Amino acid sequence: MGGPSAHGQRNKSHKAGRHAGKSARDKHKAKKEGGGASRASVKAAGHGNKLERAAAAKQQRDAKRAALLEERRRHSAPVVVALLPLTSDVDAAPLWAALLAAASGAPADDSGGGGLVTIAVQGRRRVRLTLLPPPPDRDDPLAIVDVAKAAEVLLLLLPGHDGAAPVDAAGEAALAVLRAMGLPTTMAVVLSQPQQQPGGVDAMGVDGEDDAGAGAAGKGSAAAELKRRSAAKKRAEKALAAHLPGDMRLLCGDSGQDVQQLLRSLADCMPTLPVWRRQRPYIVVQHAAFTPSQPLQEQQQQQQQQQQQPGGDAQQQLGELRLTGFVRAAGLSANQLITLPGGGDFRIARIEGPPDMDAGGPGGGQQQQQQQQQRGQRGPGAGDADMADAGGAAPVLALPDPAQQEPCVRENEPDPLAGEQTWPTDEELADAAAAAAAGRKMRKRRLPAGTSEYQAAWILDDDEGSSGEDNDSASDGEDAAMAVPLSEGGGSGAADDDDGAALGDGEGEQSDGAAMEEDEAAEEAAARRLRDELKAKRLAEAEDAEFPDEVDTPQDVPARQRFAKYRGLKSFRSSPWDAREGLPLEYGRVFAFENFKRTHKRAREAAARATAGTDPCAVPPGSYVTVVLSGVPAAAAAAAVARAGPPPPPPAPGAPPRAGPPPLTVHGLLQHEAKLSVVNFSLKKAPGYADAVASKEELLLVTGLRAWRGRPVLSDDGGGSDKHKMERFLHPGKPGVGAVYAPISYPPLPLLAFKAEPGCRPRLAAAGALRSVDPDRVVVKKVVLSGYPVRVNKTRAVVRLMFFGPDDVRWFKPLELWTKSGRRGRITEPLGTHGAFKARFDGPVAQRDAVCVSLYKRVFPKWPTPGGGGGEAAADAHGGAAPALGMASFA
């Protein structure tokens, strides 16, 4: 049975009348004013919507076309293609020779350093590829890092013949490094046929049809050949699926047709780079040259004078380093800083535009030079762009603006008086004078007649004088002890010289053998000591996982002295902790942000202006330039020239790739990325690393920009609190955060932590990414002292073995006790003289339970030393202060 609405009843709506609200009045007014307007027809409305949709679709097509052209313009530079075999069963030499032979003509004349070869794709106008040979040692993870920084397209080479291991141990380690760094566009190439024929002729060939026919005739029918290639691709796809996520294009590289298909695929693909590589400009250096700032004769005279001076330190010669290559990913501004791997951060003196000899087509180099001159007329160096001397000097494309150029500053210079307190008040001065007078009255001193009060302040007391005499006598004793062996050594040395003339050759050989045996014994002892340290570290990691934060109370030192820097907290999550309290002196030398997100936004906007061409001091991406760095030390320049020096002679057709140093890639830094701060990285232990990773352990930290040795302080990755608990070890499967002194960087940025032991290759210990740049992030070390109840009566208990003296019990009495079963309690009073005490809890306590108390102390990262790592020895060498860090400390 329906209600009133089911029978057609419609009640009147309520009318507010004069009590209507503003919304109802406005609605009624609009209805009255628009009542006489004619409505548009449905047909006319549909026609207008159709035209609008067509116009919007055209705008979208135009925007996509413009974006595609802009992307093509950015990638006008040759695409860097790197070859990486994943197993030792693959030989990259035939594929390398086939790629060179399949390109149009011979390789370019000015091949870059490090084995870089630029080729032109046949049938594709203005499409060039820069081939990067495989690293000479696949077991070196740092060489894989250099390949990951330079490659825009990565070719993974896998074996296709049955029975071969698709990926060996070195290949798995290389893939782990590449995943942590961020993979560019990746393709897999399967090499199935034998790599070389007995006569030494390449089995791939160039024409393709004859070689493919000969290979098919040797292997059987065409159907069997296709079946074999399909099976090889399936094996390669299955092997890569376990290491790399997502779909990947698989190609064959056996015949000439396969190589031509590979070149077409490389020419058509648009490289996709990780975000951290797209937001900063970088140059894969092809040529490098160094020009000292002083002539050679003056430099030699200066070095001789420095050597003649006693105790004089020979300073390194400075000069200009010229780096030539294509600007990639983003525009490069002359106001930016350039980070040189192994050298540090340097300013740009100018950006020149040499002709690109690799440009395809007739007159390509001249056309490139004219375009660069036109671009250079927009900048501050417009007057110099048209001025070329008779020797054919390259035009200047951009000069830095002194008002906007980024300063090359690493540390902050703190004001020593900034931490001083305010001047004391009159009352405080009067109280201090009264206290000093009372002290003088209570203390009687024997002074000579006529001694003023000022002179009396400089006279030592008897106890101070005796202590000084003791110190002097002790130092004299040490000097005497050092002098005795020297005098004895001199006499014995003379006797040895006299005896040595009478000794025969047989005794000399015996002494050499004894020395060799001593060296072997020392090496064995060092190896045994290293094994013992690793074993002890593993045991400590296992103990920390089972009993986190628990320590034993020392019996020889009072607990109130041992834990004097610790404090108790009512709640670790909600109890306040001042982030600016008790900071070390090193915190005055780092930089902090008022608003990190706003600064990052401004840095991105400056980089976008350089890319868009609105910055008069910048060159757009894709430009072939020579960046001139000023103030580069000779040692750093020599290392850069060795990696990407003058071009070697071009390889002969069919020759294997040259095994040289890894490619040299330099990056342009964003604003403030050279200044020092406290940087927090998220870390996760590598699956293949079995040793323990302890907090403040020296690690080789490698990002996409820099590599340095540091001692990160590990902490948990939990949120919801302004405090973070320090972790003693980085446990497997549990993410953590490492805080370390490092130059400022903007996320996203990868991080790889290697454990570099003497005489061994670096091993990947952990991987992660940049988390934040925040010196105010509080990392708290937690210490748990535990005891055991010996007598229990409901909620009362007598606890032992937590302290070993009644004074310690009274000192820690305000702290809250907790048990592992969840009870909370307080110390009521000490009991006896051996540290036992009475406690009361909020519920019944079991006899088998453990009573604990938590203490907290803030910890800070270790200050790095110029030689790497960090420690107190460097501070002692600098008079107790942390040593200053140069621009080359983080390279």
Side-chain angles (χ1 to χ4, degrees), residues 81-102 131-135 138 151 153-175 178 183 185-266 269 654 656-657:
V81 181
L83 279 68
L84 179 62
L86 296 183
T87 178
S88 58
D89 296 336
V90 175
D91 187 10
L95 181 60
W96 178 273
L99 289 174
L100 296 183
L131 300 182
L132 181 61
R138 294 187 304 116
V153 177
L154 185 62
L155 296 182
L156 302 178
L157 308 183
L158 293 92
H161 48 277
D162 194 7
V167 182
D168 57 3
E172 292 180 359
L175 290 177
L178 291 173
L183 283 170
T185 301
T186 307
M187 298 182 183
V189 181
V190 182
L191 302 178
S192 302
Q193 289 185 352
Q195 302 299 333
Q196 264 191 344
Q197 295 177 356
V201 182
D202 183 21
M204 291 183 180
V206 181
D207 297 334
E209 295 181 0
D210 299 337
D211 295 335
K219 294 293 183 178
S221 63
E225 178 67 15
L226 291 177
K227 184 177 180 181
R228 182 189 61 81
R229 291 160 64 94
S230 177
K233 284 187 176 182
K234 288 182 179 180
R235 287 194 298 268
E237 183 178 5
K238 184 178 180 180
L240 289 177
H243 301 283
L244 299 179
D247 298 333
M248 185 181 303
R249 187 167 187 181
L250 288 172
L251 299 172
C252 290
D254 300 331
S255 63
Q257 291 181 350
D258 296 336
V259 175
Q260 291 290 347
Q261 177 64 25
L262 176 60
L263 286 177
R264 287 193 295 268
S265 301
L266 294 175
C269 77

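Numbers for residues simply follow the sequence, beginning at 1. Remember, it's a predicted structure, so these values are computed and weren't measured experimentally.
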Show your working on side-chain contact (heavy atoms from CB on, under 4.5 Å) between Leu156 and His243 and close with a plain yes or no.
CA-CA 12 Å; Leu156 302 178; His243 301 283; over 6 Å; no
Taking every non-hydrogen atom, the tightest pair across [X] and [Y]:
X      : Y      : answer
Val190 : Ala236 : CG2-CB, 3.8 Å
Ala165 : Pro159 : O-CG, 3.6 Å
Ala102 : Val259 : CB-CG1, 3.8 Å
Leu191 : Gly253 : CD2-O, 3.4 Å

Before you tell me yes or no, could you show the steps for Leu99 and Leu262 under side-chain contact (heavy atoms from CB on, under 4.5 Å), namely the whole-Å CA-CA distance, both residues' side-chain angles and the distance that decides it to 0.1 Å?
CA-CA 9 Å; Leu99 289 174; Leu262 176 60; 4.1 Å; yes
Within the 4.5 Å heavy-atom criterion, are [X] and [Y] side-chain neighbours or not?
X      : Y      : result
Asp168 : Arg138 : yes
Arg228 : Asp254 : yes
Met187 : Cys269 : yes
Leu250 : Leu158 : no
Leu183 : Met248 : no
Pro135 : Leu84  : yes

Is there a donor-acceptor pair under 3.5 Å between the side chain of Ser265 and the backbone N or O of Gln261?
yes
Out of curiosity, [X] [atom1] to [Y] [atom2], how far, rounded to the nearest 0.5 Å?
X      : Y      : atom1 : atom2 : answer
Leu251 : Arg264 : CG    : CZ    : 10.5 Å
Trp96  : Leu155 : CH2   : CG    : 11.0 Å
Leu178 : Leu244 : CG    : CG    : 8.0 Å
Glu172 : Leu86  : CD    : CG    : 10.0 Å

For the CD atom on Glu237, are there more than 12 heavy atoms of other groups (residues, nucleotides or ligands in this structure) within a distance under 6.0 Å?
no
